[in-house]
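Taking it in order: structure first as structure tokens, then the write-up.
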Amino acid sequence: MLWPTRSDNWREAARPAQRAFAAVAHAIADFEPVTVGVPARVFDEARLALQPRIRVLRLESDDAWMRDVGPTCVMDKIGRVRGVDWEFNAWGGLNGGLYFPWDRDALVARRVLRIEALARYRAPLVCEGGAIHSDGEGTLLVTEQCLLNPNRNPELSRQEIEEWLCEYTGAEKIIWLGKGIYQDETDGHVDNLVCFARPGEVILQACSDRRDPQFRISEDAYRRLSLARDAQGRRLRIHRLPLPGPLYQSEYEARGVVTNVGPNVGRLGPMSVSGMRRQSGQRLAASYVNFYIANGGVVMPLLDPRWDERVRKMLSRCFPGRRVVGVPAREILLGGGNIHCITQQIPANRVASPD
């Protein structure tokens with residue numbers, strides 16, 4: 001995980017977000033070791049906010065989305081782990097990206113791999129960890145809205161993007177969905193819409209209100225998933241979760257965000273601006289699918305009291321043998337993502353890498 005600090009994304013100098021991030025870290029630490037990367041200037045206060053069992057390291061970043069800027073790990077048949085370091089351009093670069101510069105974020109993956117003593121593959125493809133979801137048996141879920149967006153890899157065709165994804169992840173089959181969650185500022189990351197519970201089984205963020213823009217998006221995803229076969233030739237079993245909300249940013253929450261003032265201001269002068277919008281009444285890209293699967297557990301976002309407990313029970317049925325824990329996550333949602341977005345798992349390396 002990374003520690004949030006941007007005052008142009010997180011309200012009230014990121015204090016509420018930091019409390020939410022700490023709660024997520026502590027919940028995951030009940031199941032597996034957790035490391036949080038923290039900018040040097042706030043290291044001491046982060047160390048105090050996190051329990052002693054959390055490993056806290058100095059690690060500079062531009063924001064706190066470890067899923068997207070951290071390494072995507074792959075494992076070979078003998079249990080040797082290596083990390084894929086995607087090219088990162090802040091979800092669109094100068095053509096709709098969310099902030100500039102993003103040079104510190106672009107270095108996070110290689111620094112994490114160095115810390116964990118894992119070999120690194122540098123992929124020649126703009127991609128984020130939240131843009132792909134794997135079943136671990138050769139199948140990737142992606143969205144056209146994100147990976148075919150001209151602000152990612154405009155020089156590459158759909159087929160070429162597939163080839164690079166397969167080359168660097170070991171995947172054999174790409175299942176293309178259409179759009180992601182309505183108003184998702186990452187251009188429709190798949191991890192906010194659908195994920196694998198296990199090979200052959202997916203969990204979809206559904207919507208039952210035909211008047212809601214999310215309805216057509218989720219129904220299109222359901223249709224595509226129903227018609228698809230995975231890399232092993234299986235049809236997919238699909239579980240649907242109810243949609244939280246719709247949820248909107250309040251005037252009070254929006255007032256706490258400082259427009260266009262992030263940690264990069266002063267580093268590159270007037271170009272250090274934010275493309276993020278935090279306005280009163282803005283619809284939030286809320287999804288219950290944005291959870292983290294831990295060793296023996298699932299840490300899910302609590303977003304809507306009308307649905308939280310029902311969703312927890314549904315996830316418990318989807319993950320028998322895992323304990324499902326809910327963490328209040330509205331503050332994370334206000335920043336543009338949720339629990340899956342702020343975490344990135346590193347598999348245990350069962351064999352020492354020769355290089």
Side-chain angles (χ1 to χ4, degrees), residues 16-17 19-21 23-24 26-28 30-31 67 130 133 141 143 177 179-186 188-198 201-223 225-226 236-250 252-253 281-294 297-343:
R19 290 191 289 270
F21 274 55
V24 170
H26 298 155
I28 296 174
D30 286 341
F31 301 100
R67 177 66 52 175
H133 212 290
L141 298 170
T143 69
L177 305 178
K179 296 181 179 180
I181 292 295
Y182 181 64
Q183 298 287 65
D184 182 356
E185 64 188 10
T186 66
H189 269 187
V190 74
D191 73 340
N192 215 24
L193 177 70
V194 63
C195 70
F196 283 105
R198 62 189 51 81
E201 203 165 328
V202 297
I203 302 174
L204 172 66
Q205 180 58 76
C207 176
S208 60
D209 184 354
R210 291 179 175 271
R211 299 167 298 177
D212 193 308
Q214 185 59 43
F215 178 82
R216 288 189 177 183
I217 296 171
S218 293
E219 288 303 299
D220 178 65
Y222 181 82
R223 179 184 61 83
L225 291 166
S226 298
L236 299 173
R237 182 182 181 190
I238 306 168
H239 303 276
R240 302 199 209 200
L241 297 182
L243 183 73
L247 304 179
Y248 300 88
Q249 180 148 291
S250 70
Y252 172 77
E253 290 165 339
Q282 175 185 357
R283 179 160 172 173
L284 304 171
S287 170
Y288 280 121
V289 170
N290 209 301
F291 53 76
Y292 177 77
I293 304 172
V298 174
V299 179
M300 63 163 284
L302 299 178
L303 297 169
D304 187 337
R306 297 171 297 175
W307 297 108
D308 288 344
E309 181 57 21
R310 179 175 173 182
V311 170
R312 190 193 67 78
K313 290 179 179 178
M314 293 173 72
L315 290 177
S316 294
R317 291 193 293 270
C318 291
F319 293 98
R322 295 181 188 267
R323 180 161 58 93
V324 180
V325 177
V327 176
R330 183 176 176 89
E331 292 297 337
I332 307 172
L333 177 60
L334 291 172
N338 227 290
I339 291 175
H340 192 263
C341 302
I342 67 172
T343 55

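Keep in mind that the numbers below use all heavy atoms, side chains included, and drop hydrogens, waters and symmetry copies.
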Practice task
Show your working on side-chain contact (heavy atoms from CB on, under 4.5 Å) between R67 and T343 and close with a plain yes or no.
Solution key: CA-CA 5 Å; R67 177 66 52 175; T343 55; 3.5 Å; yes
Practice task
Examine distances only and state if a side-chain atom of S218 and a backbone atom of Q205 form a donor-acceptor pair shorter than 3.5 Å.
Solution key: yes
Exercise for the section: Begin with the C-alpha distance, continue with both residues' side-chain angles, and end with the deciding distance and a verdict on side-chain contact (heavy atoms from CB on, under 4.5 Å) for L193 and L177. Expected result: CA-CA 10 Å; L193 177 70; L177 305 178; 4.1 Å; yes
Practice task
Any chance you could lay out the side chain to side chain donor-acceptor pair (under 3.5 Å) test for H340 and D191, step after step, and finish with the verdict?
Solution key: CA-CA 7 Å; H340 192 263; D191 73 340; 2.8 Å; yes
Handout entry: Test side-chain contact (heavy atoms from CB on, under 4.5 Å) applied to V325 and M300, step by step
Key = CA-CA 6 Å; V325 177; M300 63 163 284; over 6 Å; no
Handout entry: Nearest heavy atoms of N290 and N338, plus distance in Å
Key = OD1-C, 3.3 Å
Problem - ring-ring contact (aromatic ring centres under 6.0 Å, His included) involving F291 - partner list, sequence neighbours excluded - result: F319
Problem - Beyond-backbone contact of S226 with Y222, side-chain heavy atoms, under 4.5 angstrom - result: yes
Problem - Counterpart residues, salt bridge (charged side-chain N to carboxylate O under 4.0 Å, His left out), relative to R19 (two or more places apart) - result: none
Problem - Residues that A286 engages under side chain to side chain contact (heavy atoms under 4.5 Å, CB included), provided they are two or more places apart - result: P244, L247, L303, L333
Practice task
For S208, enumerate each residue passing the side-chain hydrogen bond (donor to acceptor under 3.5 Å, both in side chains) test, keeping only those at least two apart in sequence or located in another chain.
Solution key: none
Practice task
For residues I339 and P301, report the shortest heavy-atom separation together with the two atoms involved.
Solution key: CD1-N, 3.6 Å
Problem - Which residues share a salt bridge (charged side-chain N to carboxylate O under 4.0 Å, His left out) with R240, sequence neighbours left out - result: E219
Handout entry: Heavy-atom closest pair, residues Y288 and P242
Key = CD1-O, 3.3 Å
Problem - From CG (D308) to CG (L302), nearest 0.5 Å - result: 4.5 Å
Practice task
Could you tell me which non-hydrogen atom of M314 sits nearest to which non-hydrogen atom of L241, and how far apart they are?
Solution key: CE-CD2, 3.8 Å
Problem - Any donor-acceptor pair under 3.5 Å from N192 side chain to D184 backbone - result: no
Practice task
Go through the structure and list residues passing side-chain hydrogen bond (donor to acceptor under 3.5 Å, both in side chains) with R216, not counting sequence neighbours.
Solution key: none
Handout entry: Within residues 313-325 or reaching into it, pairs that qualify as side chain to side chain donor-acceptor pair (under 3.5 Å) - sequence neighbours excluded
Key = none
Practice task
Mark yes or no for whether T143, through its side chain, and G180, through its backbone, hold a donor-acceptor pair below 3.5 Å.
Solution key: no
Completion exercise
When every non-hydrogen atom of Q214 is compared with those of Y182, the smallest separation belongs to OE1-N, 2.7 Å
Exercise for the section: Using side-chain hydrogen bond (donor to acceptor under 3.5 Å, both in side chains) as the criterion, list what pairs up with D212, not counting sequence neighbours. Expected result: R283
Exercise for the section: Could you check if a side-chain atom of I342 sits within less than 4.5 angstrom of a side-chain atom of V24, using non-hydrogen atoms only? Expected result: yes
Fill in the blank from the handout: Across all chains, not counting sequence neighbours, the salt bridge (charged side-chain N to carboxylate O under 4.0 Å, His left out) partners of D304 are R306
Problem - Check: C318 and I203 side chains under 4.5 Å, non-hydrogen atoms - result: yes
Practice task
For this output row, return yes or no: ring centroids of H189 and H133 closer than 6.0 angstrom.
Solution key: no
Problem - side chain to side chain contact (heavy atoms under 4.5 Å, CB included) partners of A294, counting only residues at least two apart - result: F31, E32, Y292
Fill in the blank from the handout: Heavy-atom nearest pair, L284 first then Q249, reads CG-N, 3.9 Å
Problem - Test side-chain hydrogen bond (donor to acceptor under 3.5 Å, both in side chains) applied to E201 - qualifying residues, sequence neighbours left out - result: R198, H239
Completion exercise
Hits for salt bridge (charged side-chain N to carboxylate O under 4.0 Å, His left out) against D30, two or more places apart or cross-chain, chain-then-number order -> R53
